[in-house]
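Because only heavy atoms are used, hydrogens play no part in the values below, and waters and symmetry mates are left out as well, while side chains stay in. Predicted model, so just to flag it, every value in this text is computed and none were measured.
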Amino acid sequence: MKYLLAPITFPLSLLYGVITFIRNKFFDWGWYKELEFEVPVISVGNLAVGGSGKTPHIAYLIELLSNKHVAVLSRGYGRRTKGFLLVNENTSTRDAGDEIKMLKNRYPHVPMAVHENRPLGIAELMAEHPDIEVILLDDAFQHRHVKPKVNILLTEFRKPFFRDFVMPFGRLREWRSGYKRADLVVFTKSPTKE
């Protein structure tokens with residue numbers, strides 16, 4: 001089916017790829033600003049649409065950095081609210097989004113918030129919790145208005161970004177070359193050795 005629709009989807013992919021390339025160049029050239037915060041920010045994201053294990057990786061980082069005051073900021077995908085929302089045990093999944101709510105249930109002591117605007121979200125999160133030492137940004141690889149200290153790119157073991165193409169012909173949100181912004185590439189959903 002994918003190849004039957006190729007005469008339509010392939011040109012659209014080229015157009016979409018050009019648009020994302022230009023947008024990224026505007027950031028590279030400094031025409032769009034990337035804000036850097038005093039508190040180290042670790043971004044976790046991917047090039048492809050869909051789940052690639054971002055939430056489990058955020059959980060892994062929370063545990064890895066358990067000796068630090070860590071906070072998590074998410075966009076809150078699928079939530080019905082707008083703006084900044086500090087997530088607590090009483091916040092509904094519909095208000096916060098299912099992934100951040102699942103993380104909050106697992107790590108109730110970790111400050112977590114949602115905001116569609118990452119720079120504003122970080123500022124508000126830090127105002128609420130001035131003792132924060134590290135902020136984890138969930139699904140933020142393409143959200144370049146924040147300059148992370150560490151940029152982690154996740155890619156599925158069986159569907160790696162370097163074997164994919166830009167949407168809608170493929171699943172990538174931008175050209176494969178976007179991986180060069182990553183400080184670290186992590187393969188997820190790898191087969192376990194038995």
Side-chain angles (χ1 to χ4, degrees), residues 20-21 23-49 51-77 83-87 96-97 99-100 102-104 106-156 160-162 172-188 190:
T20 59
F21 176 81
R23 177 183 180 270
N24 279 318
K25 281 299 173 190
F26 284 177
F27 279 106
D28 295 341
W29 296 333
W31 295 1
Y32 290 166
K33 297 298 178 195
E34 289 180 292
L35 295 177
E36 199 163 0
F37 290 85
E38 287 183 21
V39 172
V41 173
I42 299 175
S43 167
V44 176
N46 57 359
L47 287 177
V49 294
S52 61
K54 292 183 292 293
T55 303
H57 200 80
I58 291 284
Y60 169 76
L61 290 173
I62 290 171
E63 295 185 14
L64 186 68
L65 300 167
S66 59
N67 61 332
K68 301 282 186 189
H69 291 114
V70 178
V72 179
L73 179 66
S74 173
R75 184 176 46 159
Y77 181 76
F84 181 78
L85 176 67
L86 200 59
V87 181
E99 292 166 346
I100 195 80
M102 183 181 71
L103 284 169
K104 186 64 179 178
R106 186 170 172 186
Y107 304 102
H109 64 287
V110 174
M112 298 189 190
V114 290
H115 201 308
E116 59 276 7
N117 183 310
R118 305 303 171 100
L120 288 178
I122 290 173
E124 294 206 43
L125 189 52
M126 288 171 63
E128 292 278 348
H129 294 275
D131 60 338
I132 290 171
E133 295 177 284
V134 181
I135 295 177
L136 305 177
L137 283 186
D138 183 26
D139 194 15
F141 196 75
Q142 283 76 34
H143 297 272
R144 295 190 60 186
H145 290 287
V146 173
K147 186 173 179 60
K149 194 65 135 179
V150 179
N151 215 354
I152 301 174
L153 176 67
L154 306 183
T155 188
E156 289 185 57
F161 71 86
F162 51 81
L172 300 186
R173 303 175 186 185
E174 58 177 292
W175 295 114
R176 299 170 191 168
S177 59
Y179 86 92
K180 294 175 184 175
R181 295 197 310 276
D183 298 296
L184 186 66
V185 177
V186 176
F187 287 85
T188 64
S190 302

Going by the rule ring pair (Phe, Tyr, Trp, His ring centres under 6.0 Å), which residues pair with [X] if we only count those two or more places apart in sequence or in a different chain?
| X | result |
| --- | --- |
| F27 | Y32, H145 |
| H143 | none |
| F141 | none |
| W29 | W31 |

Checklist line | Pairs touching residues 60-71 that satisfy side-chain hydrogen bond (donor to acceptor under 3.5 Å, both in side chains), sequence neighbours left out | finding: E63-R106, E63-Y107, H69-E133
Checklist line | Any pair counted as side-chain hydrogen bond (donor to acceptor under 3.5 Å, both in side chains), so long as it reaches residues 108-121, sequence neighbours left out | finding: R79-E116
Would you say that [X] contacts [Y] through its side chain, given a criterion of any heavy-atom pair below 4.5 Å between the two side chains?
| X | Y | value |
| --- | --- | --- |
| L65 | L136 | yes |
| L47 | E174 | yes |
| L125 | L86 | yes |
| V146 | L137 | yes |
| V39 | I122 | no |

Contact summary for [X] and [Y], nearest pair of heavy atoms:
| X | Y | value |
| --- | --- | --- |
| A113 | I100 | O-CD1, 4.2 Å |
| G121 | L73 | C-CD2, 3.8 Å |
| L154 | N46 | O-CB, 3.2 Å |
| L103 | A59 | CD2-CB, 4.0 Å |
| V70 | P111 | O-CD, 3.3 Å |
| V87 | A96 | CG2-CB, 3.9 Å |

Check: Can you name the side chain to side chain donor-acceptor pair (under 3.5 Å) partners of E34, sequence neighbours left out?
Finding: none
Next item on the list: Please list, chain by chain and in numerical order, all residues satisfying side chain to side chain donor-acceptor pair (under 3.5 Å) with S74, sequence neighbours excluded.
Entry: none
Check: Are the side chain of D183 and the backbone of N151 linked by a donor-acceptor contact shorter than 3.5 Å?
Finding: yes
Check: Does K33 reach the main-chain N or O of G30 with its side chain, forming a donor-acceptor pair under 3.5 Å?
Finding: yes
Not counting sequence neighbours, which residues clear side chain to side chain contact (heavy atoms under 4.5 Å, CB included) with [X]? List them please.
| X | result |
| --- | --- |
| L184 | I152, V186 |
| V185 | L153, T155, F161, A182, F187 |
| Y77 | R75 |

Checklist line | S43 OG to K54 NZ distance, which is reported to the nearest 0.5 Å | finding: 10.5 Å
Check: What residues form a salt bridge (Lys or Arg N to Asp or Glu O under 4.0 Å) with E99, not counting sequence neighbours?
Finding: none
Next item on the list: Would you check, one step at a time, whether the test side-chain contact (heavy atoms from CB on, under 4.5 Å) holds for K149 with V41?
Entry: CA-CA 5 Å; K149 194 65 135 179; V41 173; 5.5 Å; no
Next item on the list: Assess whether atom CZ of F37 is packed by more than 12 heavy atoms of other residues, nucleotides or ligands within 6.0 Å.
Entry: yes
Item checked: Test: R173 and D139 ion pair at under 4.0 Å -> yes
